[in-house]
**Q** 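I'd like to ask some things about the structure below.
No hydrogens, no waters, no symmetry mates; every other heavy atom, side chains included, goes into these values. Bear in mind that the values here come from a model prediction, so they are computed numbers and not experimental data.
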Amino acid sequence: DNGTSYIYTLDSNKECRVLHFPVGILRPNWLDGATYLGQKYMDGFLCNVWEKVDFIWYYEDVVTKRPVYWAFFTGK
């Protein structure tokens, strides 16, 4: 809950970066109240797509339920 997140890259750099983000780790029920938008292919995965609070689109793999893609839209 200190607002620290980590970004890992799997490319040739194989680096870990610290990202200070005030929301911290998501709780298991963070999608409560989200709108299900259906299924769409993203990066080669068939995904369930969810929209939360009008600016977050979350794509999860249909088979594993793992995150595949996040899109944040601020209107800018």
**Q** Without swapping roles, check the side chain of N13 against the backbone of E15 for a donor-acceptor pair under 3.5 Å.
**A** no
**Q** Return the set of residues passing side-chain contact (heavy atoms from CB on, under 4.5 Å) with R66 (not counting sequence neighbours), or none when no residue passes.
**A** T64
**Q** Just to verify, what does Y36 make a side-chain contact (heavy atoms from CB on, under 4.5 Å) with, not counting sequence neighbours?
**A** Q39, N48, W50
**Q** Check the pair L31 / Y58 against side chain to side chain contact (heavy atoms under 4.5 Å, CB included), numbers first and verdict last.
**A** CA-CA 9 Å; L31 276 175; Y58 173 67; 3.9 Å; yes
**Q** Nearest 0.5 Å please: distance from the NZ atom of K40 over to the CZ atom of F45.
**A** 15.5 Å
**Q** Apart from Y41 itself, which Ile, Leu, Val, Met, Phe, Trp or Tyr residues share its cluster (side-chain heavy atoms under 4.5 Å, direct or through members)?
**A** L46, V62
**Q** As an exercise, state the distance from CE of M42 to CH2 of W57, rounded to the nearest 0.5 Å.
**A** 12.0 Å
**Q** To the closest 0.5 Å, what do you measure between CZ (R17) and OG1 (T9)?
**A** 7.5 Å
**Q** Under the side-chain contact (heavy atoms from CB on, under 4.5 Å) test, which residues partner N29, sequence neighbours left out?
**A** R27, D32
**Q** Which of parallel (below 30°), tilted (30 to 60°) and perpendicular (above 60°) describes F55 and F72?
**A** tilted
**Q** Looking at residues at least two apart in the chain, or sitting in another chain, which of them share a side-chain contact (heavy atoms from CB on, under 4.5 Å) with S12?
**A** none
**Q** Residues two or more places apart in sequence or in another chain: which of them pass side chain to side chain donor-acceptor pair (under 3.5 Å) with D54?
**A** none
**Q** Taking ring pair (Phe, Tyr, Trp, His ring centres under 6.0 Å) as the definition, give me every residue that meets it alongside Y69, ordered by chain and number, with sequence neighbours left out.
**A** Y59
